[in-house]
Engineer: 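Encoded as structure tokens, here's the structure I'll be asking about.
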Amino acid sequence: MKEARYLTFALSKGRLAYQTLDLLEQIGITCEEIKDKSSRKLIFVNEERKLRFFLAKGPDVPTYVEHGAADIGVAGKDVLMEENRRVYEVLDLQLGKCRMCVCGPASAAELLKHHQMIRVASKYPSIAKDYFYNKKHQTVDIIKLNGSVELGPIVELSDVIVDIVETGGTLRENGLEVLEDICPLSARMIVNQVSMQMDFDRIRRIINDLRTVLKIGT
Ligand code: PRP
């Protein structure tokens, strides 16, 4: 069957993009030129399958998909929760598994028990706000950082942090620990809401093939 238009994928630059491409290769979707890690090119085409791929900063992936600049995107659940975009989240790709946690020095555990006003540093202010305000009913002062969030409690910018924990190595090396678990995280496939209607068969086929590879029951 002749595929009518290009289906565009937005991938999160970095390790997740390559893991996603490995997974797509298992369902016969390939793009050779994107694998050249030394290339600075941002957009790649598979003419035969009428597919396009581009690499974007993780937090921008849901933006491209919401606006229809990409039909399909792959982004971490952390990004999806923080950005809260109008997209369909269709599949847990089970890549990049980690956890969103409240972390700090062991001494900060007490501060979380008594609904005290505390300072929380995070790259994820919306997730932190939702957790403390809506789940714990604790009023907190949220301080937005853009990275190396573990510094927060060390230099006394904050009492605790809300951040991703994967191996726990960064916490250990900085004398911090997990104080509370917020939720598990992994990479998700998202789809533009209009594309889902327009290209339903093609997108459904991709989702079903991935479900088979990932051994997810229907
Ligand atoms: C992430 C996260 C933690 C670290 C957790 O940071 O914010 O700092 O990884 O991983 P670990 O539990 O395996 O040590 P990232 O590497 O994305 O850099 P950043 O500090 O600039 O956000």
Side-chain angles (χ1 to χ4, degrees), residues 10-23 37-38 40 55-64 73-85 89 92-190:
L11 304 179
S12 300
K13 247 183 190 175
R15 193 155 51 119
L16 182 55
Y18 295 108
Q19 291 174 329
T20 306
L21 288 165
D22 285 346
L23 194 58
K37 291 186 183 175
S38 64
R40 304 284 294 167
L55 300 173
K57 284 264 185 193
D60 293 337
V61 166
T63 312
Y64 286 107
V74 174
K77 182 68 180 170
D78 50 322
V79 164
L80 298 177
M81 288 165 70
E82 184 65 23
E83 296 291 318
N84 198 22
R85 297 279 172 177
E89 184 184 318
D92 181 348
L93 296 177
Q94 299 168 24
L95 299 171
K97 286 188 182 177
C98 50
R99 296 179 293 155
M100 185 65 73
C101 302
V102 181
C103 312
S107 58
E110 271 305 299
L111 303 173
L112 298 171
K113 286 187 191 148
H114 307 295
H115 294 93
Q116 292 183 36
M117 177 76 176
I118 55 169
R119 295 163 305 155
V120 181
S122 186
K123 256 196 323 193
Y124 303 93
S126 296
I127 295 174
K129 191 171 169 192
D130 179 62
Y131 180 70
F132 279 100
Y133 282 60
N134 299 328
K135 301 219 171 60
K136 282 182 63 86
H137 306 292
Q138 183 168 7
T139 307
V140 294
D141 182 12
I142 291 168
I143 302 163
K144 162 89 163 80
L145 290 177
N146 292 300
S148 302
V149 179
E150 289 82 359
L151 271 173
I154 298 171
V155 300
E156 295 181 11
L157 173 73
S158 70
D159 299 296
V160 296
I161 60 173
V162 165
D163 201 19
I164 289 173
V165 179
E166 193 179 351
T167 62
T170 312
L171 290 179
R172 270 193 303 278
E173 286 191 31
N174 291 289
L176 306 175
E177 56 189 64
V178 171
L179 302 173
E180 288 179 1
D181 249 296
I182 298 180
C183 62
L185 302 168
S186 55
R188 308 295 161 96
M189 176 171 279
I190 55 174

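Computed over heavy atoms, backbone and side chain alike; hydrogens, waters and symmetry mates excluded. Nothing here was measured: the structure is a model prediction, and the numbers come from that model.
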Engineer: Got a list of side-chain donor-acceptor pairs under 3.5 Å for residues 126-136, not counting sequence neighbours?
Structural biologist:
residue : atom : partner : partner atom : Å
S126    : OG   : E82     : OE2          : 3.3
D130    : OD1  : N134    : ND2          : 2.8
D130    : OD2  : K135    : NZ           : 3.0
Y131    : OH   : E180    : OE1          : 2.7
Y133    : OH   : V140    : O            : 3.2
K136    : NZ   : L112    : O            : 3.1
K136    : NZ   : E180    : OE1          : 3.2
K136    : NZ   : E180    : OE2          : 2.9

Engineer: Within this structure, what is the CE-NE2 distance for the pair M117 and H115, rounded to the nearest 0.5 Å?
Structural biologist: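 The CE atom of M117 sits 13.5 Å away from the NE2 atom of H115.
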Engineer: Any idea which heavy atoms bring L55 and A17 closest together, and the distance?
Structural biologist: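 Nearest heavy atoms, L55 then A17: CD2-CB, 3.8 Å.
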Engineer: Could you report the tightest heavy-atom contact between A75 and S12, atom names first, then the distance?
Structural biologist: CA-OG, 3.7 Å
Engineer: Please say which of D163, V165, V102 ends up in a side-chain contact (heavy atoms from CB on, under 4.5 Å) with I182.
Structural biologist: V102
Engineer: Only counting residues at least two apart or in another chain, list the ones meeting side-chain contact (heavy atoms from CB on, under 4.5 Å) with I154.
Structural biologist: N174
Engineer: Less than 4.5 Å apart, side chain to side chain, heavy atoms only: is that true for V79 and V61?
Structural biologist: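 Heavy-atom side-chain distance check fails, nothing below 4.5 Å.
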Engineer: Not counting sequence neighbours, which residues clear side-chain hydrogen bond (donor to acceptor under 3.5 Å, both in side chains) with K97? List them please.
Structural biologist: none
Engineer: Side chains of R188 and S186: donor-acceptor distance under 3.5 Å anywhere?
Structural biologist: yes
Engineer: Can you find a heavy atom in the side chain of L151 that is under 4.5 Å from one in the side chain of L157?
Structural biologist: no
Engineer: What residues form a side-chain contact (heavy atoms from CB on, under 4.5 Å) with H114, not counting sequence neighbours?
Structural biologist: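 If we apply the side-chain contact (heavy atoms from CB on, under 4.5 Å) test to H114, skipping adjacent residues, the hits are E110, Q116.
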Engineer: Any side-chain to backbone donor/acceptor pair from R119 onto E156? Under 3.5 Å, distance only.
Structural biologist: yes
Engineer: In Å, rounded to the nearest 0.5 Å, how long is the span from CG of L185 to CE of M81?
Structural biologist: 6.5 Å
Engineer: Give, for atom CG of L179 and atom CD1 of I161, the distance between the pair rounded to the nearest 0.5 Å.
Structural biologist: 9.0 Å
Engineer: Would you compute the distance between atom OG of S158 and atom CD1 of I142 and round it to the nearest 0.5 angstrom?
Structural biologist: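 Separation between the atoms: 11.0 Å.
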Engineer: I'd like to know whether NZ of K144 has more than 12 heavy-atom contacts from other residues, nucleotides or ligands below 6.0 angstrom.
Structural biologist: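 Atom NZ in K144 is packed in, count exceeds 12.
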Engineer: Quick one: list whatever passes side-chain hydrogen bond (donor to acceptor under 3.5 Å, both in side chains) with R99, sequence neighbours left out.
Structural biologist: D181
Engineer: When rounded to the nearest 0.5 angstrom, what is the spacing between CG in L93 and CG in L23?
Structural biologist: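 Result: 6.0 Å between the selected atoms.
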Engineer: Do E177 and L171 come within less than 4.5 Å of each other through their side chains, counting heavy atoms only?
Structural biologist: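 No. Closest side-chain heavy atoms not under 4.5 Å.
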Engineer: Not counting sequence neighbours, which residues clear salt bridge (Lys or Arg N to Asp or Glu O under 4.0 Å) with D22? List them please.
Structural biologist: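 Applying salt bridge (Lys or Arg N to Asp or Glu O under 4.0 Å) to D22 gives none.
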Engineer: Measuring from atom CD of E83 to atom CG of D78, what distance do you get when rounded to the nearest 0.5 angstrom?
Structural biologist: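 Taking CD in E83 and CG in D78, the distance rounds to 10.0 Å.
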Engineer: Which heavy atom of A187 sits nearest a heavy atom of D92, and at what distance?
Structural biologist: O-OD1, 3.5 Å
Engineer: Side chains of M100 and K77, heavy atoms from C-beta outward: is any pair under 4.5 Å?
Structural biologist: no
